[in-house]
Amino acid sequence: MGLDITWAVDWVRRSAQVVSDHRIELITLDREIGDGDHGENMDRGFQAVLPKLDDLHAGSTPGDVLKLVATTLISTVGGAAGPLYGTAYLKAAVAAGDSVSLDAEAIAGILTAARDGIVLRGKAEPGDKTMVDAWTPAVDAATAAAADGADALGALQAAASAAWEGAAATEPLVARKGRASYLGERSAGHRDPGAESSALLLQAAADAAAASAGA
Amino acid sequence: MGLDITWAVDWVRRSAQVVSDHRIELITLDREIGDGDHGENMDRGFQAVLPKLDDLHAGSTPGDVLKLVATTLISTVGGAAGPLYGTAYLKAAVAAGDSVSLDAEAIAGILTAARDGIVLRGKAEPGDKTMVDAWTPAVDAATAAAADGADALGALQAAASAAWEGAAATEPLVARKGRASYLGERSAGHRDPGAESSALLLQAAADAAAASAGA
Amino acid sequence: MKKIINDPKRVVDESVAGFGAAHADLVRVEMDPIHIVRADAPIAGKVGIVSGGGSGHEPLHAGFVGFGMLDAAVPGAVFTSPTPDPILAATKAVDGGAGVLHIVKNYTGDVLNFETAADLASVEGIDVRSVVTNDDVAVKDSLYTAGRRGVGGTVLVEKIAGAAAERGDSLDEVAEVAERVNANARSMGLALTPCIVPHAGEESFTLAEDEIEIGIGIHGEPGRERIKLEPADGLVDRLLAPILEDLPFESGDRVLLFVNGMGGSPLVELYIAYRRAAEVLGERGIEIARSLVGNYITSLEMQGMSITLLKLDDEMVELWDAPVQTAALRWGR
Amino acid sequence: MKKIINDPKRVVDESVAGFGAAHADLVRVEMDPIHIVRADAPIAGKVGIVSGGGSGHEPLHAGFVGFGMLDAAVPGAVFTSPTPDPILAATKAVDGGAGVLHIVKNYTGDVLNFETAADLASVEGIDVRSVVTNDDVAVKDSLYTAGRRGVGGTVLVEKIAGAAAERGDSLDEVAEVAERVNANARSMGLALTPCIVPHAGEESFTLAEDEIEIGIGIHGEPGRERIKLEPADGLVDRLLAPILEDLPFESGDRVLLFVNGMGGSPLVELYIAYRRAAEVLGERGIEIARSLVGNYITSLEMQGMSITLLKLDDEMVELWDAPVQTAALRWGR
Ligand SMILES: Nc1ncnc2c1ncn2[C@@H]1O[C@H](COP(=O)(O)OP(=O)(O)O)[C@@H](O)[C@H]1O
Ligand SMILES: Nc1ncnc2c1ncn2[C@@H]1O[C@H](COP(=O)(O)OP(=O)(O)O)[C@@H](O)[C@H]1O
Ligand SMILES: [Mg+2]
Ligand SMILES: [Mg+2]
Ligand SMILES: [Mg+2]
Ligand SMILES: [Mg+2]
């Protein structure tokens, strides 16, 4: 029971909702160790994606949705998160190819491609206190779950909960990449906003999968 | 028993002291309906007078002291109060002439000349909520006291207490001259800072006279 | 009080010294009595132009000393008119034999101190004329009051009169065009926040988080009215309405639109205000022939703005466009 | 939050529209995607220069579009790098066949978005070179970090590279002098107060009445260190020490001294700081050959300042002195 276009569209809608709900929280996290725009940027981006979902047609694939998200984020988000998430969704779209249904292994592949895209553009390593610290454990967990025979939903749930742990684990870190790095030691004690938004998006993916499964 | 150079010098010293002691109060009054510099301006001026008192010599008269105050205030105070008080002391010096001792009538004449100087320069009428509202009752009271046979001390004491009443009476007025006039109706309910400083200076004159009389 | 200063009593001295050091190509600074003159003053045969007033309105006036504008500026203590001595010294320093124009903002202190200086200069044989600017429509004008304040229009008077003097106009001619600019300029300002005079150390007035002052001047004084904060467009409309009806400015008029920051408002906001002002003038058929946007006559760190409209004639446009080379306003050379 | 704005989401659009209306003689404004280009762009055979970044730093960058400086500016949302689309549009709009230089401040977002735009422009056959400014000594430089921020030095790079392009230098030459200016510029800033991003509506950080932040950037971010407020001279010394030792600047060097306001500090304070900086450099035998004082790269209404020193060579001086005609920097025409 793989995840199809309905799941992908639902993921986007849930992403837009969850980012909008957490807009202030993301702004606040970013204000503490950055410049206070992460929530605004992500919200602007996902709100811009919503109307474009109408352009999808009967034969659209999850890959088409991911590509739509990628190009929209690239052209509306700006800042660091725009190109990084943009690249992530673009690489994910390529990994999804024209599959109409994604199983656990495909999901793990998509997440891996997304994470690799972020690292390619941003050159951050794990522990640099960036969104990579949410994505890397998420990728590992999804891959392990898939190997353990979990279904797509299970893989996404594993990814989401690992992403949450990863995001929380950024708190004590001293940032080496992104704006928070300018604070030096003072960046410790705050959660990275990009890691938080990553966890929110992966949770939305898992929630959309659960809804698909339930339906 | 007229007032001599000792009184005049003591008046200046007491003026400097009292202006310095009330610097913040005058700034605060001026901040409410003006630009918050009256206490600073007056303090700068009288502090500049003090060292110049050393230039006086054995034959100096009260008129010389008044002229010294006039020229120093003109060149150090600035703002509206500088030229107005400067003119007041200058006209007072002229009225004092080269008398070595000033009786009640002379004191009334000096105060009248000072007030007329202020009016000449500033064109304010009584009730315009300016220092004129302290000086005019002071002049009237000193003149009446002198006519009633008071001595110089008595004339100055009458002037000082009338000045205080005049200053208090500016509170309900709507300003028509000076910076407070820009506030229109909003100037009502605040005491005019120049009227307050005028009362302080006249009180210092009376106190110096009392000290002379006591000595 | 948070300021980049040393001793509050030395704010003006140190700032003027820094200004002189930074702009030695344009100006010469004299510290006793304090005044700032054009590096090449006096210029034989040219009318000298002197302005001055309390400090805290920078770049006014020192920032406008140089070719095509002021020959000298006389800074008083913060928000306090200078005394006659430095005004006299500046007047003497820029007298090139063609007389000197004093441009004085209409405040009792400025008027009186410049008056005394002018009298003293006359005694020394210098021909002095004074133009008193009074463009602030927030203040009711009447024979029985101190009259309107000189605010934003002063900058325009200084530029245009400066250009007239630079091209060799006589003292009468320079004074005439200065009067004409003042007569055709109207301004009104508002404050979002107060300012803090260094020697006072406290806010010039207090405002709630949602309140602003309408009709302020440039000395941190409260305005005529306190209202709730509104969107920018509404604020601009409130400033423009009394300006437009006062002269009045009418369809077919050509104007210079000057959106001035009070010191602490970011440029983004001034341009948002400019946008609306241009829209309103367009709707009324008033042509914006020239404009100026920025912090030119300020109240220390006060957040807020003022709008000035100047009804232009051909000569004013020509003189406005003429070259000017000062620290704060420069073009054409 | 007290601001002269309408809808927080329309701050940049409305401000840019106002800027375009106020400076129609200098620039043309495109609203979709938003960018500002020189009125006479593209200029055949001239290297085009494009800069951009988040809004809120005005006059940077739009205020520097015009003869002798930038050909285009690309404003992002407040404190947010623009996306590739408008950067690409601006690049195409100013390409006169001699290639385009991107001047990019070193922030992850700016670098990535300009990178994408440059890739897209190359695909369209435009020769693009990028210079990344990174003059902020408050940030430790290392291969493993995001590196130093681009701050005040960016203004100097834009002016000097702009002059090189204007005189007809090739893309390689313009890029080389831009790199050279960046390599010889060092900056450091401090904040007395935070700023408020319109969409956030809250102060970017909180400071007690006697605290300041040392080593801030230009995005309202906290600095490296929080200290008690000190007299101006001490603050200047704190900014200068790490700048001087970093390059290092030594006796006999000729420099451009740039004292920049963060937006909300009055000019009086900047000149007090300039005075001290000039004194310190004088004591060290460093010659101030040129200077710049004012609000040129800001953080909205933040109070504070930054100091930038640029070690000059003869060519830089010549290019600095070359005519420039923009809304915020103008001389020689
Ligand atoms: N080099 C990088 N690699 C990976 N993620 C990064 C990098 N730089 C920044 N980020 C992420 O981007 C987030 C900030 O995004 P955002 O606030 O939208 O952009 P900006 O920093 O330009 O204001 C950070 O919290 C961090 O997770
Ligand atoms: N035209 C005037 N006639 C008489 N007194 C005046 C006049 N204008 C102002 N004053 C007095 O000057 C005082 C203000 O002095 P000060 O604050 O030192 O000057 P400024 O108003 O220039 O800041 C007022 O309180 C008022 O008493
Ligand atoms: Mg951010
Ligand atoms: Mg006052
Ligand atoms: Mg005053
Ligand atoms: Mg940002």
Side-chain angles (χ1 to χ4, degrees), chain C residues 1-7 11-12 14-19 21-23 55-56 58-59 63 78 192-193 195 209-210 212 229 231-233 235 257 259 263-276 278 288 291 293-295 298 300-301 303-305 325 327-328 330-333, chain D residues 1-7 11-12 14-19 21-23 55-56 58-59 63 78 192-193 195 209-210 212 229 231-233 235 257 259 263-276 278 288 291 293-295 298 300-301 303-305 325 327-328 330-333:
Chain C
M1 174 179 59
K2 277 185 174 176
K3 289 180 184 292
I4 304 170
I5 61 172
N6 295 300
D7 179 353
V11 162
V12 175
E14 291 185 358
S15 185
V16 168
F19 182 85
H23 303 294
S55 292
E58 290 69 24
V78 174
L192 306 189
T193 64
C195 58
E209 182 51 38
D210 62 344
I212 65 168
L229 180 62
D233 289 357
L235 296 177
L257 168 57
V259 176
S265 281
L267 229 39
V268 252
E269 300 180 23
L270 302 186
Y271 281 112
I272 289 175
Y274 183 95
R275 180 191 153 280
R276 173 62 183 172
I288 304 174
S291 43
V293 183
N295 293 281
T298 63
L300 295 171
E301 70 278 73
Q303 289 181 27
M305 63 169 170
Q325 182 175 356
R330 185 165 175 178
W331 55 73
R333 52 184 274 153
Chain D
M1 174 179 59
K2 276 185 176 177
K3 291 182 183 288
I4 304 170
I5 61 172
N6 295 300
D7 179 353
V11 162
V12 175
E14 291 186 357
S15 186
V16 167
F19 183 86
H23 303 292
S55 292
E58 291 67 23
V78 173
L192 306 190
T193 64
C195 57
E209 181 50 38
D210 62 344
I212 65 169
L229 180 62
D233 289 357
L235 296 177
L257 168 57
V259 175
S265 280
L267 228 40
V268 252
E269 299 180 23
L270 302 185
Y271 282 111
I272 289 175
Y274 183 94
R275 181 190 152 279
R276 173 61 182 172
I288 304 174
S291 42
V293 183
N295 293 281
T298 63
L300 294 171
E301 70 277 73
Q303 289 180 26
M305 63 169 171
Q325 181 174 356
R330 184 164 176 179
W331 55 74
R333 53 183 273 152

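Fair warning: this is a prediction, and the values are worked out from it, not measured in the lab.
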> Which bit of C:S291 is near chain D, if near means a heavy-atom gap under 4.5 Å: side chain, backbone, both or neither?
Replying inline: side chain
> If you measure from CD on C:E269 to CD on D:E14, what distance do you get to the nearest 0.5 Å?
Replying inline: 12.0 Å
> Between atom CZ of C:R330 and atom CD of D:Q325, what is the distance when rounded to the nearest 0.5 Å?
Replying inline: 12.0 Å
>> Distance check, rounded to the nearest 0.5 Å: D:I5 atom CD1 versus C:S265 atom OG?
In response: 11.5 Å
>> Quick check on the interface: out of D:P231, D:A21, D:A22, who has the most heavy-atom pairs with chain C under 4.5 Å?
In response: D:A22
>> Which atoms of D:D7 are under 4.5 Å from chain C, going by heavy atoms: the side chain, the backbone, both sets, or neither?
In response: neither
>> So, taking the atom named CG in C:L270 and the one named CD in D:E58, what distance separates them when rounded to the nearest 0.5 Å?
In response: 10.5 Å
> At a heavy-atom separation under 4.5 Å, does D:Q303 approach chain C through its side chain, its backbone, both, or neither?
Replying inline: side chain
>> As an exercise: rank C:V268, C:V11, C:L229 by heavy-atom pairs under 4.5 Å with chain D and give me the winner.
In response: C:V268
> D:R333 versus chain C, heavy atoms under 4.5 Å apart: side chain, backbone, both or neither?
Replying inline: backbone
>> If we ignore hydrogens and angles and just use 3.5 Å, is the side chain of C:E209 paired with the main-chain N or O of D:M1 as donor and acceptor?
In response: yes
> Between D:H23 and C:Y271, is the ring centre distance below 6.0 Å?
Replying inline: yes
> Taking every heavy-atom pair that is under 4.5 Å apart, which of C:T193, C:V78, C:I272 has the most such pairs with chain D?
Replying inline: C:I272
>> Counting C-beta onward and ignoring hydrogens, is there a side-chain heavy-atom pair between C:T298 and D:L267 closer than 4.5 Å?
In response: no
>> Which one wins on heavy-atom pair count under 4.5 Å against chain C: D:P266, D:S15, D:P59?
In response: D:S15
> Which one, D:A232, D:A328, D:G263, leads in non-hydrogen pairs under 4.5 Å with chain C?
Replying inline: D:A232
> Taking all atoms of both residues into account, what is the closest heavy-atom pair of C:A17 and D:R275, and its distance?
Replying inline: CB-CD, 3.9 Å
>> With a 3.5 Å distance limit and no angle check, can you tell me whether C:D233 reaches the backbone of D:N6 through a side-chain donor-acceptor pair?
In response: no
> What are the two closest non-hydrogen atoms of C:A273 and D:I4, and how far apart are they?
Replying inline: CB-CG2, 4.4 Å
